[in-house]
Amino acid sequence: MVRRGRSHHLKNCRANHLPYALRALANTPNHLKRYSSRGFLAPLRALRERFHLEEENMPRANGSSPVGPRCIALVGPFQSGKTTLLEAILARTGAIARMGTVESGTTVGDSNKEARQHQMSVEVSMATTTFMDESYTFIDCPGSIEFSHDMRAVLPACDAAIVVCEADERKIPQLQLIMRDLEEMKIPRFLFLNKIDKADTRITEVLNLLQPASRVPLLLRQIPIWNGDIVTGFVDLARERAHVYKEHAPSEVVPLGEMAEKEKAARFTMLETLADHDDELMEQLLEDIPPPRDRVFDDLAKELREGFVCPVLMGSATRTNGVLRLLKALRHEAAGVADTAKRLGVTPGNDAIALVLKTLHTAHGGKMSLVRVLSGTVGDGTTLNTPDGEAGRVSGVMKMLGQATEKRAPATAGDTVALGRLEQAHTGDTLSTGKTAHPAIIKLPTPSPVLALSIAAKERKDDVKLGQALNKLVDEDPSLIVQHNSETHEVIVWGQGEMHLRVTAERLSDRFGVAIVQRPPSVGYRETIRKPIVQRGRHKKQSGGHGQFGDVVLDIKPLPRGNGFTFKDEIKGGVVPGNYIPSVEEGVIDGLKHGPLGFPVVDVAVKLIDGSYHSVDSSDQAFRTAGRIGIVEALPQCQPVLLEPIQMVEIVCPTDATAKINAILSGRRGQILGFDTRSGWNGWDTVRAMMPEAETGGLIVEIRSATAGVGSYTAKFDHMAELAGKPADQIVAARKAAAVAA
């Protein structure tokens, strides 16, 4: 009776009744669906193919119900087409009326001034849309290594990532870096092979090219249909359907035809890979039993979520080809917020728990925190606590579409939204309600800086404004580090590369209205002495009333490198009263701050061996002055020599760039100590060298140029070394000129 009723309805359904018919089939028991020979599924199949909705009714993996709003990251190498793919998704799902382009500066992503000026992503862009009545937030992440900190802050809270790439051998190292981050964070991931319309390489060769970037198998889900040298469509290996691309329209289902044999072989390879983690499927393949299609989809979803495989789909973001297939794969196979919360150690409950993905300071709306709600509900007025107990009250819950915001109802588990005016919240923070703050879900590491810039406000009146602006930029981008050098009175901004610091300078000017002057930071040169000397320092001044008198004899000697400064009192007979000894030491320290070459003096031992005092005119200040006079007069006679800081530098780079890196180090007075394969990284090396600090300025620019943008380095102070000859003379001359100008 049930079968006849559904059969009768499905046979007579019209196009406008198709969703109802699909729901009817979805609710039909599996054992009834198998009886396709009875003919009651044929009309529905025809309607599916006609309207390109053949997957709309497909049961979810393991028969699960809808998983709530999802959050998907778009990641991939620089200029792989992530922003264009986001635009295509938004156009496909009706969130925007028409696609913009990166070239014209009309995309939803990359909508800030700096991104459009440089035609590259410089921070994450978020957009929420709806597909098949389900909510999705897509986060477009920068591809450049200089802005990858934004990506790493976002990824932990994402349900899945779409890795956008192309068949370009030069981008494999970039792809490997991104894949490694995803693997270490255990983020399920699809690989979307973009620009397939421009492909000139067979898919098996492309897969062999890309596989070294991934530590898990790249699972081919589709194979291209070639018409001469042009890809005109694809075959879906899971559905066993052939599709022909239609520009800016859904693909058209066509017969497999001559692709049947290729499809059969490629599908078997896909099933073999899945069978590595499914004994029952392996038995079916060995016995040549075709596995049920729903079982195949269950395996695809399971192995994606557990990180056993990375499914590969293809298309062209510019033409929106393959976008619908990609969205449906996300819908049926990607995990939901419950799985993500479990991965992060969050137990769902009544209390709201959210993770801050990004912090923004807007011109008119104040501070906004972009968050993923993992549990509970967050609404306007909700009080949220950080792990250290600082509270903030939400002032507005907003849906994001690029830089455009729209107020919305309270956010529930799975929603990715912007929360207003949480002044105490920072990127990476865990926010929660309840009496006890939830422990931090993640610890967001700060990447090692690789390039520094000394900045100052062009107008002194803007000094305070500059400090406030820098605080906001660091709040938005924790990979920026601001230091105040007390010795040189410089404000030093450290970043992840040349473009990173350039964008920072542009934001200071454009967003905060602070004009700045910038230059390379000062190098920490020092000087020392080679020759010992005994020197008297005498200060005598009579100006009416009590005068000033201090007299000391100093024994000054060089110390071994790295021993700093020592002071000893060897006075005998009380020729200098004990209460004045500390003042003598202070005076000596004063004199060592600026040596005869213009730099602080180090590695010097000073002994106070003799002196005299006046019972009335001697004072702490007089002996301090005498100590300073003695050391200042002595140093020029001690054969002063310039010291430069030497750093231990460790560079990571692809193996094929190691020779170039060695040449760069040699050209910068680097002493190469050796290189080894990078532990756990196939095709990468680690190069170690000693290099003068003065030569590390701009080093990252050359490294990135030699490594297709992926090389990096760390440096730490190791020791001071003598610098003589023409380079030393030039440094001393420049120092003296700067002192005169000041």
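- For F599 and H594, the gap between ring centers reaches or exceeds 6.0 Å.
- S80 places a side-chain N or O within 3.5 Å of a backbone atom of V164 that can act as its donor or acceptor partner.
- Screening residues 213-223 for side chain to side chain donor-acceptor pair (under 3.5 Å), with sequence neighbours left out, gives E183-R215, R221-E333.
- Looking at heavy atoms from C-beta onward, L642 lies in side-chain contact with I731 at the 4.5 angstrom threshold.
- Panel note: side chain R526, backbone V602; no donor-acceptor pair is recorded below 3.5 Å.
- H500 and F147 have perpendicular rings, their planes meeting at more than 60° on a 0 to 90° scale where under 30° would count as parallel.
- For the residue pair E490 and S522, a side-chain donor N or O sits within less than 3.5 Å of a side-chain acceptor on the partner.
- A donor-acceptor pair under 3.5 Å is formed between the side chain of E527 and the backbone N or O of G598.
- Panel note: side chain R116, backbone G105; a donor-acceptor pair is recorded below 3.5 Å.
- For W681 and Q176, the side-chain atoms include no donor-acceptor pair closer than 3.5 Å.
- Using a distance-only test at 3.5 Å, with no hydrogens or angles considered, no donor-acceptor pair links the side chain of S705 to the main chain of V701.
- H149 and D477 form no side-chain donor-acceptor contact under 3.5 Å, judged by distance and modelled atom types alone.
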